[in-house]
Amino acid sequence: MDASRFLADHIVSLPKSGIRDFFAIVSQMKDAVSLGIGEPDFVTPFHIRDAAIMALERGHTSYTDNRGLIQLRREISKYVAENFAAEYDPETEIMTTVGVSEAMDGIMRAILNPGDKVIYHEPCYVSYAPSIKLCHAEAIPVETTAEDKFAINIDALRAAWQPGTKAVVLNFPTNPTGGTASKELLEAIAKFAIEKDLLVISDEIYSELTFEGVHTSIVSIPGMRERTIFLHGFSKAFAMTGFRVGYACGPAPIIDGLLKVHQYGILCAPIVSQEAAIEALKNGKPAMLEMREKYRERRDFIVRRFNELGLTCHSPRGSFYAFPNITRSGMSSMDFAKGLLQAERVAIVPGTAFGKCGEGFCRASFSTSYANIDEACRRIERYLKSLKV
Ligand SMILES: Cc1ncc(COP(=O)(O)O)c(C=O)c1O
């Protein structure tokens with residue numbers, strides 16, 4: 001008999017991530033060039049790996065405090081104060097998590113009642129709407145556009161509000177568009193959040209990978225600290241995806257709520273990863289800046305090439321993703337990406353994997369070598385020629 005009858009209705013109706021499906025195909029292919037993966041191609045800097053090795057050598061193999069090692073929370077507190085202009089008490093206002101992924105899921109479960117509404121901007125990272133829906137709450141997308149360089153349009157944000165809206169999710173720089181938000185835009189969003197009494201959940205995982213100007217966090221805007229949950233992690237800036245460590249900072253009562261979800265579901269982030277994270281915060285900046293410089297060079301190259309090929313592409317001010325417009329092919333994003341994979345063995349992700357309004361675009365990650373990007377662009381050029389467009 002079919003065991004799927006045991007599944008909950010909301011799980012049955014939840015689609016699997018479009019990205020994973022796509023990469024299951026790519027992983028079977030020989031000689032594919034992938035611009036698909038959303039993780040650094042760099043290995044974690046050695047001094048950070050060494051901290052993990054030393055932790056094991058010293059026999060640090062136990063559970064930690066549910067909130068994470070106090071030494072790590074102190075370092076997080078210092079780092080967030082220095083880089084994001086917000087002060088958090090390591091004892092009560094910081095939670096170490098298994099990546100931003102766990103922090104996002106946990107915070108949703110800590111704040112949402114069934115039927116609550118959460119606004120987020122699309123195209124966006126694949127987990128936002130599902131983590132809202134898993135709480136039997138309603139996910140309300142606000143479309144962003146290439147004309148606005150994928151920043152939120154404040155009028156569209158205001159128009160999306162409905163009675164019962166509890167929170168807004170922000171992600172600047174944005175996966176998959178590389179969109180960023182100016183201080184003026186963040187101030188306008190803050191005004192709206194205060195007026196409507198909303199909690200802001202700000203995923204700032206790409207903040208260090210800001211190429212122009214300085215990254216500003218909404219938490220630094222007056223009146224926002226008490227209504228913002230600041231999410232950050234080590235995966236992108238420090239090339240530590242496999243360590244699975246991140247954190248949430250916010251007002252003590254909300255972090256306490258998150259603690260309940262976290263302590264029963266996860267218990268704690270792995271101790272070895274926490275020790276590596278301490279090293280990343282203390283001494284990781286030079287390596288991080290070196291990686292950022294590489295991403296910047298690759299960004300400039302890939303954006304120039306896409307525009308030369310007639311795939312209009314704005315220059316992302318942050319993240320490691322280019323988001324070219326592929327409509328000149330006359331195809332849908334999915335058909336374009338599938339066709340390119342079959343014909344030329346180049347993997348990019350259809351924009352629709354990140355929301356309906358991603359139609360007409362594809363995501364190309366430049367967290368891969370210059371040589372790979374160059375080869376991928378040559379193949380894309382050949383593909384476009386074969387389409388005779
Ligand atoms: C915007 C965004 N948030 C969160 C995550 C997940 O991060 P972590 O590895 O910290 O769970 C990703 C990963 O791609 C992401 O792009």
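Atoms within each ligand, like the ligands themselves, are counted from 1 in listed order. Each residue takes its place number in the sequence, starting with 1.
Sorted by chain then number, the residues whose non-hydrogen atoms approach ligand 1 to under 4.0 Å are Gly99, Val100, Ser101, Tyr125, Tyr128, Asn171, Asn175, Asp203, Ile205, Tyr206, Ser235, Lys236, Arg244.
Judged purely by distance below 3.5 Å, without hydrogens or angles, the side chains of Asp89 and Thr92 pair a donor atom with an acceptor atom.
Applying the ring pair (Phe, Tyr, Trp, His ring centres under 6.0 Å) test to pairs two or more places apart or on separate chains, those with a residue in residues 163-204 are His121-Phe172.
The side-chain tip of Arg225 points at the ring of Tyr88 from less than 6.0 angstrom away and within 45° of straight on.
Between the side chain of Asn175 and the backbone N or O of Tyr125 there is no donor-acceptor pair closer than 3.5 Å.
Side-chain heavy-atom separations under 4.5 angstrom define the hydrophobic clusters, and the remaining members of the one that includes Ile266 are Val98.
With sequence neighbours left out, Tyr120 forms a ring-ring contact (aromatic ring centres under 6.0 Å, His included) with no residue at all.
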